[in-house]
Each structure stands twice: as C-alpha cells, then as structure tokens.
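First up is the structure itself, then whatever we jot down about it.
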Amino acid sequence: MSTGGGNIPPSGAPGSHIPGVTSPHQPPPPPGKGGITPHTASNALPGGQSAAPDIPIGQRNTIPTTATPQVNSAKVFENQFHQVLSFQAQYDFLNFIPNLEQRLQDPSQFKDDLPFEIVYVKDGKTTSILPPDPEMPVESEEAGKLRTALREKLSVINQKNGPEERQALREQIESARAELGQLSKAIQEAGGTVPTPPVPQITLVIDENQFTARTPARKFNPNETPRKQGNEGQFLLIPKTPSKRMPPPVTKRPANPLQEEGSKPTEIPSQPHPSAPGHLKPIETQLPVNNKGQFSDVYLLKDSEAEFGKTGNIASVNAGSTDLTFGKQAAGINAQFGAFFTDPQQAAIAQAQSDFLTDSAEQGYLGFVTADDKFTDNTPLETIYGHVSGEPDNQGTVLVSVFREGHCPAGIKKNRAMVYVIPPDGKSDRYDDKDEFLKDIKLTAKNLLATQNKYNQHAVERGLPTLPVVRTCAFGGGIYCHPDSDQEEVAQAIRAGIKDYFDAINPEENTIKEVQYEHGV
C-alpha cells in the first residue's frame with residue numbers, strides 16, 4: 001500500500017492537488033511486514049514534501065536527467081521523485097495560506113487537526129504557533145506578536161506568488177512529473193522494477209524572502225535553524241510524526257481539489273478557485289429509474305451503455321457498511337453490487353477490502369493509501385486505492401476498487417470500478433443532531449471525489465485504467481441516516497459537497513469529467 005497524509009489541502013505523490021485530505025507519512029515497511037507502502041509524500045503539506053534544500057521557488061528549475069537504468073537508475077528516480085514532491089509541497093502550501101491566516105486570526109477556535117505544526121525558533125527555544133503553545137496563553141502580548149509576525153510573512157509570500165508565479169510552479173511540477181514518467185518507462189523497458197522511494201519528511205522554512213522546502217538529514221534540532229537571521233528568529237513548518245496526530249474526526253477529513261494528502265481531512269476553502277469558470281466544470285447527469293421503477297442501475301447495461309457511457313470508464317459508488325460486508329452477505333444496494341459476481345468472487349472482494357483496511361490500521365496509515373498486489377491477487381480486483389479515515393468502524397473511508405478487465409460488471413469494460421463508501425453513522429452516539437451528520441456526509445462527498453481524482457493521477461503513472469466518471473448513490477440515506485434527517489437532505493448534502501469540491505479544484509488538475517446521479521440523489 002502507499003499513503004499520503006496531512007490535514008492541509010490534500011496532496012501527495014506526484015500528481016494530486018486537492019486541499020482537504022490526509023494520510024501518514026511513513027516509509028514502506030520492511031519486506032515481510034504488512035503490505036503498505038507510502039504512496040505520496042509525508043504530509044506536512046498536501047502533496048508531499050521533499051527536496052531541493054533551501055532554494056527559493058523562483059530560482060528552482062527541473063534538471064532533465066538521463067534515463068539510463070544501468071547507471072544508478074534507482075537513485076536518479078528517487079532524486080526526481082523528491083524533486084516533484086518538493087515543488088508540490090510548496091504549491092500546496094501557497095494554496096493553503098488563506099486557511100492558515102484564518103486560523104491565526106482566531107486561535108481560540110483552533111483544533112489540533114493538522115498533520116504539521118508551525119513553530120517559532122529563536123536562541124534554541126521553540127514556541128509552537130499552530131497549534132497554540134500551551135505554555136504561552138493565546139491572549140498574551142507575546143503570542144499576539146508572534147501570530148502577527150507570521151501573518152505578515154504569509155501575506156508577503158502570498159503577494160509575491162501571484163497567478164503567474166503559481167502557474168510557473170505548476171509547470172515545474174508537470175515538467176518534473178513528466179521526467180519522472182520517462183524515467184519510470186525507461187527502467188521498465190530495460191527490464192527493471194520501478195522503485196518506491198521512501199517519502200522524506202519536509203520542513204518548510206516560512207520567510208518572505210526565502211520560501212523553501214528542505215529535507216532534514218537528521219531529526220530537527222531547534223539549536224540549528226535552517227538559516228541564521230542575526231537576532232531574528234525563524235518560522236518553520238514541521239511535519240508531525242503519526243503518533244502525535246490526533247485521530248481525525250470524519251467531520252474534518254474530506255479531500256479537496258486544490259491541495260492534497262494528509263492524515264485528516266480538512267475543510268476546503270469555500271471560495272471558488274480563481275481558474276475554475278463554470279463552463280469547465282464536469283458534466284452532471286441525472287439517471288432515470290430502471291425498469292423496476294424505483295432505483296437507477298448501479299452500472300451501465302447493454303441498453304444504456306450508448307447513452308450513459310460516452311465519457312469513459314465509470315466508478316460507481318456503493319453505500320458500504322461499517323462491517324465491510326459486500327454482496328450476498330449484505331443488503332440493499334450493497335447486495336446489488338455483488339450480483340455481478342459469483343459467491344466466491346464476492347467473498348474475495350470483501351476479504352481484499354477488509355485485509356487492506358486491517359493492514360492500514362496495523363501499519364498506522366491514514367489518508368490516501370494504495371494496496372500492494374498481495375491484497376488483490378487471485379481476486380476480480382486489479383487494485384484498491386483508498387482514503388483511510390482511521391475512524392471507529394472506518395466511518396468516512398472511501399475505497400476505489402478497480403476491476404480487472406475480465407471481471408467488469410455486465411461484461412461492459414467501462415464498468416471499471418466500485419467506490420465502496422462507508423458513510424458516517426447518523427444513528428451513532430457521535431451525532432447529537434442531524435446538522436453534524438449532514439456536515440459529515442458533505443465532507444465524505446468531497447473526499448470521495450478527491451480520492452477518485454487522486455487515483456486517476458496515480459493510474460496514469462502506473463498504467464492503470466483511469467476513471468473519468470463517477471456514478472453516485474445517496475450513501476448515508478438508508479440504515480445510517482440520522483433519525484431526524486431523511487434521504488432528501490442526505491442527497492442535498494452530497495450535491496453540496498460535490499459542488500464545493502469542483503468550486504475549489506483547479507480545472508487543470510481535475511480528472512473527473514462527469515458526475516452521474518442515481519435516482520434519489
């Protein structure tokens with residue numbers, strides 16, 4: 001498996017830019033232990049972190065590397081991988097500045113849901129700014145001065161890195177990613193195995209004159225600031241270790257389109273992305289009821305493929321269950337999804353998904369995670385890519401389970417994946433009122449799209465089938481619905497979450513071209 005992490009706009013391995021999801025940042029386990037391998041960067045910031053030590057953004061360029069597998073290809077690949085993550089980390093951070101400024105404005109409302117902390121280091125003393133340092137009252141004059149100084153630096157960084165600079169940085173990301181793809185292809189053509197580099201933890205140096213990402217060679221030492229500034233201290237963004245992260249509530253864990261990966265989902269900025277004009281948004285299709293007159297078909301059928309299969313491969317959302325049942329052992333729509341497979345195949349799919357989540361929990365992975373082949377071998381699944389919530393009963397978890405070509409439902413190759421969503425349980429003690437439940441449904445809808453979008457970016461790099469279409473049901477509208485709510489309100493929350501996602505994502509980074517709503521959504 002692989003992972004991403006963080007609470008900033010999600011971001012991870014080369015290829016995703018969505019604000020609001022997260023996952024752990026641990027290196028792959030040693031052979032024989034677990035089956036998870038980090039899929040993206042360590043999530044101090046969405047998108048991962050890594051790289052070129054202390055070089056200002058404006059002075060960085062990707063340096064083409066000769067793809068010669070015979071000459072230390074693994075090291076060349078790792079260096080380029082880190083280059084991509086370095087650019088991505090900075091890009092994600094720039095997009096997350098408004099969120100940080102808001103938190104600094106009113107620290108009394110701050111929740112420790114970030115996969116990193118921002119500290120101020122001076123004369124060997126480290127003071128936490130976010131989250132607020134317990135030894136320094138937030139209302140104290142000293143704490144106020146530090147927050148003001150950090151806000152000023154963030155404001156200057158934001159002004160210096162306007163649309164043109166960010167576009168240039170995006171181009172650097174794409175250039176570096178393309179070079180990574182060429183290296184990967186060259187290694188494979190030479191008969192080699194594309195390595196899975198360890199994901200480094202990145203410390204970001206927050207300074208208006210030198211905004212940098214660096215990979216510490218050893219554990220951070222407050223007595224050795226990345227750059228001495230005379231008598232002035234230094235603001236640093238430091239990734240938290242998984243053990244120091246609070247378990248992310250479903251409410252805070254959706255994935256967004258502007259940034260990426262972390263350990264917990266975070267709210268997506270409410271304002272529309274500046275480059276997301278309405279006409280570029282995905283197609284929205286309302287599906288009719290099927291011939292039984294009550295529900296829509298969960299997949300394309302022979303008589304509907306021509307009309308609803310124009311855009312491409314479909315990932316259809318299944319309202320899963322907290323006990324991870326699937327098919328024959330389940331009920332409702334979950335049982336309908338299983339009807340396309342034999343009993344042994346249903347059992348194999350259920351077991352693969354269960355083992356994937358069990359292993360993720362044992363290895364401490366949260367956020368975006370991709371399964372090792374051992375989980376899907378000898379099953380109808382080609383791969384599993386998920387956003388692991390880490391919540392009790394996996395509430396809020398999203399699994400994109402991709403079918404092998406010979407196992408696509410109804411024999412239609414465009415029916416390429418099932419998105420197994422474990423909805424928030426509105427009947428559980430965690431929800432005192434329906435508003436909190438509906439809020440989590442909305443966040444899960446965002447996370448659903450972010451996960452499919454990130455899978456698509458991962459698929460392009462790995463030669464897997466991409467999924468430009470999502471077909472969604474009213475997950476959370478059945479047995480998990482809050483007693484005071486109903487399916488209509490659940491449907492409204494899902495649509496609101498999907499709208500927020502597409503309002504926030506940069507169209508250039510979105511891979512989802514069509515959203516198909518089943519009857520009742």
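Only heavy atoms go into these numbers, but all of them, side chains included; no hydrogens, no water, no symmetry mates.
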What pair of heavy atoms forms the shortest contact from Phe93 to Leu100, and how long is it? CE1-CD1, 3.6 Å
Between Glu436 and Tyr431 (side chain of the first, backbone of the second, donor and acceptor by atom type, cut-off under 3.5 Å), is there such a pair? no
Nearest 0.5 angstrom please: Asn510 CG to Leu449 CG, how far? 8.5 Å
Could you tell me whether Lys434 and Glu489 have a side-chain N and a carboxylate O separated by less than 4.0 Å? yes
To the nearest 0.5 Å, tell me how far Asn290 CG sits from Phe295 CZ. 8.5 Å
Exercise: identify the closest heavy-atom pair between Leu399 and Thr397: CD2-CG2, 4.0 Å
Side chain to side chain, His482 and Lys427, heavy atoms closer than 4.5 Å: no
Polar side-chain atom of Asp133 near backbone of Ser128 as donor-acceptor pair, under 3.5 Å: yes
May I ask you to test the Val515-Ile498 pair for a side-chain heavy-atom distance under 4.5 Å? yes
Taking Asp372 for the side chain and Lys374 for the main chain, is one N or O donor matched with an acceptor at less than 3.5 Å? no
CG of Leu104 to CG of Leu146, rounded to nearest 0.5 Å, is 10.5 Å
Under a 4.5 Å cut-off applied to non-hydrogen side-chain atoms, are Glu518 and Cys473 in contact? yes
Could you measure the distance from the CG atom of Asn415 to the CD1 atom of Ile314? Nearest 0.5 Å is fine. 6.0 Å
Side chain to side chain contact (heavy atoms under 4.5 Å, CB included) assessment of Glu305 paired with Leu301: CA-CA 6 Å; Glu305 180 179 7; Leu301 299 179; over 6 Å; no
Please walk me through it: do Val402 and Leu381 pass side chain to side chain contact (heavy atoms under 4.5 Å, CB included)? CA-CA 6 Å; Val402 183; Leu381 302 180; over 6 Å; no
For Ile441 and Gly476, which heavy atoms make the closest approach, and how far apart are they? CD1-CA, 4.0 Å
Are any of the side-chain heavy atoms of Asn453 and Thr451 separated by less than 4.5 Å? no
Can you find a heavy atom in the side chain of Leu464 that is under 4.5 Å from one in the side chain of His458? yes
Using a 3.5 Å distance criterion without hydrogens, assess whether the side chain of Arg103 forms a donor-acceptor pair with backbone atoms of Pro131. no
Looking only at the side chains, is there a donor atom on one of Asp359 and Tyr365 sitting less than 3.5 Å from an acceptor on the other? no
When you measure from the side chain of Glu117 to the backbone of Leu130, do you find a donor-acceptor pair of N or O atoms at a distance under 3.5 Å? no
Whether Lys454 engages the ring of Phe368 as a cation-pi pair (distance to the six-membered ring centre under 6.0 angstrom, angle to the ring normal within 45°) should be assessed. yes
List the residues meeting ring-ring contact (aromatic ring centres under 6.0 Å, His included) with Phe340, not counting sequence neighbours, and say none if there are none. Tyr299
Check whether any side-chain heavy atom of Asn334 sits under 4.5 Å from a side-chain heavy atom of Tyr420, and report yes or no. yes
How long is the gap from CD on Gln516 to OG1 on Thr311, to the nearest 0.5 Å? 7.0 Å
With side chain to side chain contact (heavy atoms under 4.5 Å, CB included) as the criterion, how do Ile384 and Gln353 come out once you've worked through the C-alpha distance, each side chain's angles and the decisive distance to 0.1 Å? CA-CA 8 Å; Ile384 302 174; Gln353 294 185 153; 4.2 Å; yes
Mutual orientation of the aromatic rings belonging to Phe375 and Phe356 [parallel < 30°, tilted 30-60°, perpendicular > 60°]: perpendicular
Ionic contact status for Glu382 with Arg416, cut-off 4.0 Å: yes
Sub-4.5 Å side-chain heavy-atom contact between Ile206 and Leu150: yes
Looking at Asp435 and Lys439, is any side-chain nitrogen of the basic one under 4.0 Å from a carboxylate oxygen of the acidic one? no
Looking only at heavy atoms, the pair that brings Phe337 and Val317 closest together is CZ-O, 3.3 Å
Any sub-3.5 Å donor-acceptor pair from Ser485's side-chain atoms to Cys481's backbone N or O? no
Non-hydrogen atoms of Gly320 and Pro423 that approach each other most closely: O-CD, 3.6 Å
Answer yes or no: is there a donor N or O on one side and an acceptor on the other, between the side chain of Ser155 and the main chain of Arg151, under 3.5 Å? no
Distance (rounded to the nearest 0.5 Å) between Ile349 CD1 and Met418 CE: 5.5 Å
With Asp484 via side-chain hydrogen bond (donor to acceptor under 3.5 Å, both in side chains) - residues at least two apart: none
Between Leu94 and Ile157, does the side chain to side chain contact (heavy atoms under 4.5 Å, CB included) criterion hold? Intermediate values first, please. CA-CA 8 Å; Leu94 290 174; Ile157 291 173; 3.6 Å; yes
Would Asn456 and Gln452 count as having a side-chain donor-acceptor pair, cut-off 3.5 Å? no
So, Arg471 side chain and Leu287 main chain: donor-acceptor pair closer than 3.5 Å or not? no
What closest approach, in Å, do Tyr480 and Thr322 show between heavy atoms, and which atom pair accounts for it? OH-N, 3.0 Å
Does a side chain donor of either Gln345 or Thr379 reach within less than 3.5 Å of an acceptor in the other side chain? no
Using modelled atom types and a 3.5 Å cut-off, is there a donor and acceptor pairing between side-chain atoms of Tyr517 and backbone atoms of Ala474? no
For Ala496, give me all partners under side chain to side chain contact (heavy atoms under 4.5 Å, CB included), at least two apart in sequence or on another chain. Lys442
Is the backbone of Gln395 close enough, under 3.5 Å, to the side chain of Asp393 for a donor and an acceptor to pair up by distance? no
Quick one, Leu204 and Leu236 - any side-chain contact, counting heavy atoms below 4.5 Å? no
